[in-house]
Amino acid sequence: MHVLILGGTTEARRLAGLLMAELPAGTRVTSSLAGRVASPRLPPGEVRVGGFGGADGLAAWLRTHQVDALIDATHPFAGTISFHAAAAAAATHVPLLMLRRPGWVPGDGDDWHPVASLAEAAGALPALGRRVFLTTGRMGLAAFAGLDALWFLMRSVDAPEPPHPARMETLLDRGPFTLDGERELIRHHRIDVLVTKDSGGAATAPKLTAAREARIPVVVVRRPPVPEGVTVAEAPERAVAWLRALGCRPA
C-alpha cells in the first residue's frame, strides 16, 4: 500500500511516524509539504516538497505513483488544497480522509471576537486595542498594512515580506509555546489585543490562556469551509484505524 499524506502539520508528522512503525513492511508513506517554510520539520518516510498543479496535477500524481490512500492533514487554513484533494480523490477513486485537529472553544472569562477573514479582523482592531499581538502567520499581512495608528508584534516561523504594517516588530519563533512565555510577551510588549486563527491544537493554545488572564480581547478568525462528504478524523490514531479498515494491517 502507498499512502500519501498532505501537510507538514504536527498531526501529519505524527501520523507518518505511526504508519512507519505500525503498518506492514513494504508500506510506502509519502508526506507532501507545500514548501512555504524555509526549514520545515521533516516527517519520517519519503518526503516531497512543492505543489501539484491543482486538482488535475494531484490526480495525475496519485495515478503515476499508484497511491492507494490519501490523507489530507494540511493546516486548517490551507483550504484550497483540501478542495483539490477532494476533487483528485473523486477523479481517481482513491479513498480520502481529512485529518483535522479540533478547533478551540472559548471558556469562562474569554473575550473572543469571531471574524470570517483577516480583512474583517483588521477592521475590528481599532475599536479593541492599540498594541496588537498578531499570530496569524506571515501570509496575509497586507490586510493589516493600512492600520498606521496601531503597533504590531508579529510572530512567525519565517520573516515576512511587504506589504505589512508600518509599525511592526517581528518575532521569529516556532511552537510549541509555554504559558509563562506567552504571559511575558504580553506583559513586556504591553499587548492589549490578540489576533489569531482558530488553528486548534495545544502547541499554540497557551496564548489564549495568557490573554484570558490579562483580560485582553482576542480576535479569532474562523476556519474556512471544508469539502462536503469527506470522512474526517480528529487524531492520527483515528487515521491509522481508518487505514486498517481499508485493509492495511500490521504484520
Less than 4.5 Å apart, any side-chain heavy atom of [X] and any of [Y]?
X	Y	answer
Val218	His113	no
Val94	Leu4	no
Val3	Asp68	no
Thr196	Leu208	yes
Pro160	Thr170	yes
Ile5	Val29	yes
Ile186	Arg183	no
Leu6	Leu70	yes

N/O donor-acceptor pair under 3.5 Å between [X] side chain and [Y] backbone:
X	Y	value
His75	Phe77	yes
Glu182	Thr178	no
Thr9	Ala73	yes

Please name the pair of heavy atoms, one in [X] and one in [Y], separated by the smallest distance, quoted to 0.1 Å.
X	Y	result
Leu96	Ala86	CD2-CA, 3.6 Å
Arg223	Asp198	NE-O, 2.7 Å
Ala205	Trp104	CB-NE1, 3.7 Å
Leu147	Pro126	CD2-CG, 4.1 Å
Ala149	Arg130	O-CD, 4.0 Å
Leu128	Pro217	O-CG, 3.8 Å

Within one Ile-Leu-Val-Met-Phe-Trp-Tyr cluster: [X] and [Y], side-chain cutoff 4.5 Å:
X	Y	answer
Val115	Met154	yes
Leu246	Leu97	yes
Val132	Leu185	no
Ile191	Leu171	yes
Met139	Leu118	no

Given Arg222 and Lys197, is the side chain to side chain contact (heavy atoms under 4.5 Å, CB included) satisfied, shown in steps?
CA-CA 7 Å; Arg222 293 189 292 266; Lys197 294 177 177 177; over 6 Å; no
To the nearest 0.5 Å, tell me how far [X] [atom1] sits from [Y] [atom2].
X	Y	atom1	atom2	answer
Leu19	Ser31	CG	OG	8.5 Å
Arg212	Trp112	CZ	CH2	8.0 Å
Phe144	Thr136	CZ	OG1	5.0 Å
Leu134	Met168	CG	CE	8.0 Å
His188	Leu153	NE2	CG	9.0 Å
Thr30	Arg48	OG1	CZ	9.5 Å

Run the side chain to side chain contact (heavy atoms under 4.5 Å, CB included) test on Ile216 and Val193 for me, step by step, so that the C-alpha distance in whole Å, both residues' side-chain angles and the decisive distance to 0.1 Å come before the verdict.
CA-CA 6 Å; Ile216 64 174; Val193 59; 5.8 Å; no
Might you work through the side-chain hydrogen bond (donor to acceptor under 3.5 Å, both in side chains) test for Thr135 and Arg155, ending with a clear yes or no?
CA-CA 5 Å; Thr135 64; Arg155 181 168 66 192; 5.6 Å; no
Check against side chain to side chain contact (heavy atoms under 4.5 Å, CB included), Leu15 and Leu99
CA-CA 9 Å; Leu15 174 60; Leu99 177 57; 4.1 Å; yes
May I ask you to check if Arg174 and Phe177 form a cation-pi contact, with NZ or CZ under 6.0 angstrom from the six-membered ring centre and within 45° of the axis?
no
Between [X] and [Y], is there a side-chain N and carboxylate O pair less than 4.0 Å apart?
X	Y	value
Arg101	Glu11	yes
Asp192	Arg131	no
Glu213	Arg187	no
Asp72	Arg100	yes
Arg244	Glu22	yes

For a side chain to side chain contact (heavy atoms under 4.5 Å, CB included) check, start with the C-alpha distance between Phe133 and Val195, then their side-chain angles and the critical distance, and finish with the verdict.
CA-CA 6 Å; Phe133 187 14; Val195 182; over 6 Å; no
Between Thr92 and Arg63: side-chain donor-acceptor atoms closer than 3.5 Å:
no
Contacts under 3.5 angstrom, residues 227-243 side chains, donor-acceptor by atom type, not counting sequence neighbours:
unit_1 : atom_1 : unit_2 : atom_2 : d
Glu237 : OE1    : Arg14  : NH2    : 3.2
Glu237 : OE2    : Arg14  : NH2    : 2.2

Would you say that more than 12 heavy atoms from the other residues, nucleotides or ligands in this model lie under 6.0 Å from the CG of Asp173, or not?
yes
Apply side-chain hydrogen bond (donor to acceptor under 3.5 Å, both in side chains) to Trp61 and list each qualifying residue two or more places apart in sequence or on a separate chain.
His65
